[in-house]
There are 2 protein chains.
Amino acid sequence: MVLRTATKIRRPRRSTRKTEQIPTPAIRRLSLYLRQLEVVLGSERRTVSSRQLGEALGLSDAQVRKDLAYFGQFGHPGIGYRVDELIQRVRRILGTDKNWNVLLVGAGNLGRALMSYRGFAKKGFHIAAVFDTDRELIGKRVDAAQKLTVQPMEEMAATIVKRSIQLGVLAVPADSAQKVADRMVEAGIRGILNFAPITLRQDVCAMAAVDLSVHLEQLSFQLRGAGA
Amino acid sequence: MVLRTATKIRRPRRSTRKTEQIPTPAIRRLSLYLRQLEVVLGSERRTVSSRQLGEALGLSDAQVRKDLAYFGQFGHPGIGYRVDELIQRVRRILGTDKNWNVLLVGAGNLGRALMSYRGFAKKGFHIAAVFDTDRELIGKRVDAAQKLTVQPMEEMAATIVKRSIQLGVLAVPADSAQKVADRMVEAGIRGILNFAPITLRQDVCAMAAVDLSVHLEQLSFQLRGAGA
DNA sequence: TTTTGTGAATTGCTTCACAGCA
DNA sequence: TGCTGTGAAGCAATTCACAAAA
């Protein structure tokens, strides 16, 4: 019986879900498989092999098969995977077989761009409400279709219930991001996609993050020392 | 009937190259360390321990120490890491101790939002030119500061030389992304940050990708089955 | 044939645990 | 005491390679 764990910081994700045996990278790749399958659906091909999928995504065929097999037996030996069937199955797994209402916090430059981003709706994510703390923005219609009015933060909890919202997109400056995220969780949000360039600590809420600069830094790292 | 390969010789794998000693995830985390160090720099603290850094980022102290040690001996036993010193060192490693000129292709909604995104300049990435294929947009000033004029693709190669550009941001629709990426590489771009929701195949060019919907899908996956 | 699904082998990454230094 | 840097240990992810299926 070891007692010295008292001072240790808690270890990352350790849950008893059945998904625990599935590698996290496999779950990330599932989205890529779906994306590629939708491309294949646009062609005449009705089936696709693990090799073909892998080639398009820069992965080995074994990787593709193993990843998909974590979630069930979707393939047909000698044939491959039936495109429409696999799309349905993967959507089901990812939870995107149904539409999601999403709210957005932050109606600045980035927030407004996200509002008009078609890719979200294509995948079944609908921005159903927009919030901001800036009193100048509240009440204004800011989206391209002029359908969304910027609401004050106070209305968030009620709107979440009314529109059955579970997911939120956070596009506010870094220095207020943690506070805003806390308010979102309080108001009932269960998952946050964070665009602020800062790591948010949230225990009870699923988190995903996109830091635009970080990706440029990774490119910079790869090119460092290269001739101009 | 294929004979069982009882005499199979297991060939030892080619020895790993020295440049591959550093785990890819460690390189990704380096950007996060830098980001957090810049937060700490805003406080009065002059030093920070691996434990403190880790806590802020959801990582173990051992992870932080090991990651940083891949790149050199930056710490001081009993003290921790000197914030300003480590910031300089990490910037140097990432290549962001100097400014980078970046070009943007695609002056649509997302492209225009990226132009006005302050985060890039803060990290030393300056959008120095904007390109689009849309004849209606060419010649127009589209950024907030009204300093950038949308140029035709034909001018890309010359501009790249003139402004010493190595990095490009790609914000065009998925169906033209591969073609545009090829043209960028032809024109001399060495690294591409791709926002189009499609996997691009490029052998001679460093690639990074951001698919906004994919991150929402990951959240959807984590919440699937949760009560509405 | 072609191609899946899957244990086994292998590679890669993270955590442990402690010597050594301030 | 506090904290880093680092081999060794442990765990996670990927690749291999082949039986089975079409």
Side-chain angles (χ1 to χ4, degrees), chain A residues 2 4-5 7-15 19-30 32-33 45-55 57-83 85-86 89, chain B residues 1-30 32-33 45-55 57-83 85-86 89:
Chain A
V2 182
R4 53 207 292 259
T5 53
T7 55
K8 289 209 174 142
I9 69 161
R10 87 201 125 75
R11 295 158 82 172
R13 69 195 138 70
R14 186 100 317 188
S15 88
T19 55
E20 191 54 39
Q21 69 221 43
I22 300 171
T24 316
I27 298 166
R28 267 206 305 277
R29 286 189 295 266
L30 208 52
L32 302 186
Y33 298 142
R45 246 182 297 150
R46 311 293 297 247
T47 65
V48 67
S49 68
S50 57
R51 150 102 72 131
Q52 291 169 322
L53 272 179
E55 220 155 74
L57 296 171
L59 305 167
S60 71
D61 55 338
Q63 178 88 83
V64 174
R65 288 199 301 281
K66 183 134 270 197
D67 282 351
L68 294 174
Y70 284 125
F71 300 96
Q73 308 212 150
F74 304 145
H76 306 274
I79 304 292
Y81 301 87
R82 285 204 250 279
V83 177
E85 180 194 349
L86 187 54
R89 302 259 220 153
Chain B
M1 192 61 164
V2 179
L3 288 178
R4 202 71 63 78
T5 52
T7 57
K8 180 176 293 299
I9 298 163
R10 216 168 279 288
R11 213 183 305 173
R13 282 221 120 211
R14 241 184 313 178
S15 59
T16 51
R17 295 193 302 181
K18 291 198 169 168
T19 50
E20 286 303 326
Q21 289 170 328
I22 300 171
T24 316
I27 298 167
R28 268 207 304 278
R29 285 190 295 266
L30 207 53
L32 303 186
Y33 298 141
R45 246 181 300 148
R46 311 292 298 249
T47 65
V48 67
S49 68
S50 57
R51 151 104 66 138
Q52 292 169 322
L53 271 180
E55 221 154 73
L57 296 171
L59 305 167
S60 71
D61 55 339
Q63 178 88 84
V64 175
R65 288 199 300 280
K66 184 132 270 201
D67 281 351
L68 294 175
Y70 284 124
F71 300 95
Q73 306 214 150
F74 305 144
H76 305 275
I79 304 291
Y81 300 86
R82 286 204 249 280
V83 178
E85 179 195 348
L86 188 54
R89 302 257 220 155

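Proteins get letters first, then strands, A, B, ... in listed order; numbering begins at 1 in each.
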From CZ of A:Phe71 over to C1' of C:dT4, roughly how many Å is that when rounded to an integer? 17 Å
Begin with the C-alpha distance, continue with both residues' side-chain angles, and end with the deciding distance and a verdict on side chain to side chain contact (heavy atoms under 4.5 Å, CB included) for B:Ile27 and B:Ile22. CA-CA 7 Å; B:Ile27 298 167; B:Ile22 300 171; 3.8 Å; yes
State which of D:dT15, D:dC3, C:dT14 makes the closest approach to the side chain of B:Pro77. D:dC3
NA contact type, B:Gly78, heavy-atom cut-off 4.0 Å: base, sugar-phosphate, or nothing? base
Any side-chain N or O of A:Arg29 under 4.0 Å from OP1/OP2 of D:dT14? yes
Reckon B:Gln73 has a side-chain N or O less than 4.0 Å from the OP1 or OP2 of D:dG5? no
Give, for atom NZ of A:Lys66 and atom OG of A:Ser50, the distance between the pair rounded to the nearest 0.5 Å. 13.0 Å
Could you please name the option among C:dC13, D:dC16, C:dG5 that lies closest to any side-chain atom of A:Ala62? D:dC16
Could you check whether any side-chain heavy atom of B:Thr47 comes within less than 4.5 Å of a side-chain heavy atom of B:Tyr81, counting everything from C-beta outward? no
Which listed nucleotide (D:dT15, D:dG5, D:dA17) is nearest to the side chain of A:Arg65? D:dA17
When rounded to whole Å, the OH to P distance for the pair B:Tyr70 and C:dT15 reads 11 Å
Atom pair distance, as rounded to whole Å: CZ in B:Phe74 and P in D:dT6: 11 Å
OP1 or OP2 of C:dT15 under 4.0 Å from side-chain N/O of B:Gln63: yes
Would you please confirm or rule out a distance under 4.0 Å between OP1 or OP2 of C:dT3 and any side-chain N or O of A:Ser50? no
Whole angstrom is fine here: how far is it from CZ in B:Arg28 over to P in C:dC13? 10 Å
Which nucleotide wins on minimum distance to the side chain of A:Ile79, given the candidates D:dT6, C:dT14, D:dA22? D:dA22
Taking atom P of D:dG2 as reference, at what distance in whole Å does atom CG of B:Asp61 sit? 14 Å
Of C:dG5, D:dT15, D:dT6, the nucleotide closest to the side chain of B:Lys66 is D:dT6
Can you tell me how far apart CG (B:Asp67) and OH (B:Tyr33) are? Round to the nearest 0.5 Å. 3.5 Å
Distance check, rounded to the nearest 0.5 Å: B:Arg89 atom CZ versus B:Arg82 atom CZ? 10.5 Å
Both B:Leu68 and A:Leu59 contact DNA chain D. Taking the nearest nucleotide for each, which residue is further toward the 5' end? B:Leu68
Is there a side-chain polar atom (N or O) of B:Tyr81 under 4.0 Å from OP1 or OP2 of D:dG5? yes
Validation row: A:Arg65, A:Arg51 side chains within 4.5 angstrom (heavy atoms): no
Rounded to the nearest angstrom, tell me the gap between atom CG in B:Asp67 and atom P in C:dG12. 17 Å
Closest to the A:Thr24 side chain: D:dA13, D:dT15, D:dA17? D:dA13
B:Arg51 CZ to D:dT1 P, in whole Å, measures 14 Å
Take the protein atom CD1 of A:Ile22 and the nucleotide atom P of D:dC11, then report the distance between them rounded to whole Å. 20 Å
